Number of protein chains: 2
Amino acid sequence: MTEGGGDELLRVLAALASPHRLRVLAALAGGRNYVSRLARDLGISRALLQVHLRKLEAAGLVTSDLEFSEDGKALKFYEVVPFELTLTPQVVRDAAGSLTGPDDHDPDIRDHGPDIGKDNLS
Amino acid sequence: MTEGGGDELLRVLAALASPHRLRVLAALAGGRNYVSRLARDLGISRALLQVHLRKLEAAGLVTSDLEFSEDGKALKFYEVVPFELTLTPQVVRDAAGSLTGPDDHDPDIRDHGPDIGKDNLS
DNA sequence: AGTACCTGCTAACGTTTCTTTGCATGTGCA
DNA sequence: TGCACATGCAAAGAAACGTTAGCAGGTACT
């Protein structure tokens with residue numbers, strides 16, 4: 001297993017939460033393609049596309065495969081990994097348990113107290 | 001219908017793609033709760049929690065309900081809206097069609113051409 | 001040698017998002 | 001009147017993200 005925890009879910013959600021990446025994924029769902037061509041199809045720059053593809057790949061939503069065309073050109077093909085993810089409150093509940101989140105919050109409250117010493121209009 | 005398009009999906013995904021909001025949602029999945037108390041339970045500041053709750057609500061994942069406790073205090077209760085969202089390449093493909101995305105890209109390429117006039121080491 | 005494709009990378013900028021801090025408002029109770 | 005607890009909002013600094021521009025390398029065909 002790759003990891004399975006809530007962080008995985010988070011990575012997938014973050015990868016999906018972008019118009020560009022949604023479009024990229026949609027385009028690839030219509031068939032595999034290589035970077036330069038895909039960039040032209042979508043009308044975005046190659047550099048930009050690469051970044052997004054990397055994120056999609058990191059999330060495990062697409063796979064890359066370096067191939068060589070008959071005339072020797074190196075082409076990097078991407079294709080979608082068939083996935084099926086169902087989101088429900090319960091799923092979230094389970095996933096949230098194992099989160100290597102930003103803060104490993106300790107059990108103490110803060111919020112600087114509910115406004116003391118300040119009477120309004122006597 | 002609220003809107004149904006791909007933008008809706010995007011909003012939901014964006015709302016979910018955050019450790020904090022995932023935790024908030026998880027906490028609410030365990031039962032409804034009001035803001036201040038929830039903040040204490042989660043160990044985060046009230047202001048921060050409010051922001052995240054607003055986003056979750058905007059995405060339609062939770063609902064708020066202002067109530068008054070027996071002793072007259074105004075309590076804003078939040079609870080999860082039972083949802084069931086399934087993500088597959090095909091779903092993405094459909095959703096990507098109707099995207100009021102950041103750019104309404106015109107069909108022209110750019111990428112400043114593939115490096116011309118520049119011979120390295122003669 | 002020159003052009004046309006392909007790949008990859010990084011520095012830098014602009015923009016958005018996150019988070020804190022602080023103040024304003026209200027009720028109820030000693 | 002002072003404290004405890006509830007709500008709300010806005011400014012502002014910090015941190016993360018998205019995007020572009022530019023350079024690097026490669027093969028192949030004229």
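Chain letters run A, B, ... following the sequence lines, proteins first and then strands; every chain starts at 1. Computed from a predicted structure; not experimentally measured. Computed over heavy atoms, backbone and side chain alike; hydrogens, waters and symmetry mates excluded.
Between A/Ser45 and the phosphate of D/dT20, there is a side-chain N or O to OP1/OP2 separation shorter than 4.0 Å. OP1 and OP2 of D/dC9 both lie 4.0 Å or more from every side-chain N or O belonging to B/Gln50. The phosphate of D/dT7 has neither OP1 nor OP2 within less than 4.0 Å of any side-chain N or O from B/Arg37. Checking the phosphate oxygens (OP1, OP2) of D/dC9, no side-chain nitrogen or oxygen of B/Arg46 falls inside 4.0 Å. Between A/Tyr34 and the phosphate of C/dC6, there is a side-chain N or O to OP1/OP2 separation shorter than 4.0 Å. Considering only side-chain N and O atoms, B/His52 lies nowhere under 4.0 angstrom from the phosphate OP1 or OP2 of C/dT17. Within the 4.0 Å cut-off from OP1 or OP2 of C/dT17, not a single side-chain nitrogen or oxygen of B/Lys55 is found.
Listed by first and then second residue, the salt bridge (charged side-chain N to carboxylate O under 4.0 Å, His left out) pairs involving residues 47-59 of chain B amount to none (not counting sequence neighbours). Sorted by first then second residue, the ring pair (Phe, Tyr, Trp, His ring centres under 6.0 Å) pairs that include residues 48-89 of chain A, not counting sequence neighbours, are A/His20-A/His52, A/Tyr34-A/Phe77.
Atom CG of B/Leu48 and atom P of C/dT17 are 16 Å apart (whole Å). As rounded to whole Å, 15 Å separates atom P of C/dC6 from atom OH of A/Tyr78. A/Leu53 places its CG atom 13 Å from the C1' atom of C/dG8, with the value rounded to the nearest Å. What separates NE2 of B/His20 from C1' of C/dT17 is a distance of 13 Å, to the nearest Å. Across the protein-nucleic acid pair, A/Arg23 atom CZ and D/dT19 atom C1' stand 15 Å apart, rounded to whole Å.
Cluster note: B/Leu66 groups with no other residue, as no ILVMFWY side-chain heavy atom lies under 4.5 Å from it.
A salt bridge links B/Glu67 with B/Arg32: the closest approach of a Lys/Arg side-chain nitrogen to an acidic carboxylate oxygen falls below 4.0 angstrom.
For A/Arg54 and C/dG8, a side-chain-to-base donor-acceptor distance below 3.5 Å is absent, hydrogens and geometry of angles not being considered.
Taking every heavy atom of residues 65-77 of chain A and every atom of DNA chain C, pairs under 4.0 Å involve A/Lys73, A/Ala74, A/Leu75, A/Lys76, by number.
In this structure, B/Ala59 and B/Val12 approach most closely via the heavy-atom pair O-CG2, 3.7 Å.
For the side chain to side chain donor-acceptor pair (under 3.5 Å) test, no residue two or more places apart in sequence or in another chain qualifies with B/Gln50. Evaluation of the salt bridge (Lys or Arg N to Asp or Glu O under 4.0 Å) rule for A/Arg11 yields A/Glu3, A/Glu8 as partners, not counting sequence neighbours.
Counting any heavy atom pair closer than 4.0 Å across all strands shown, B/Arg21 reaches sugar-phosphate atoms only and no base atom.
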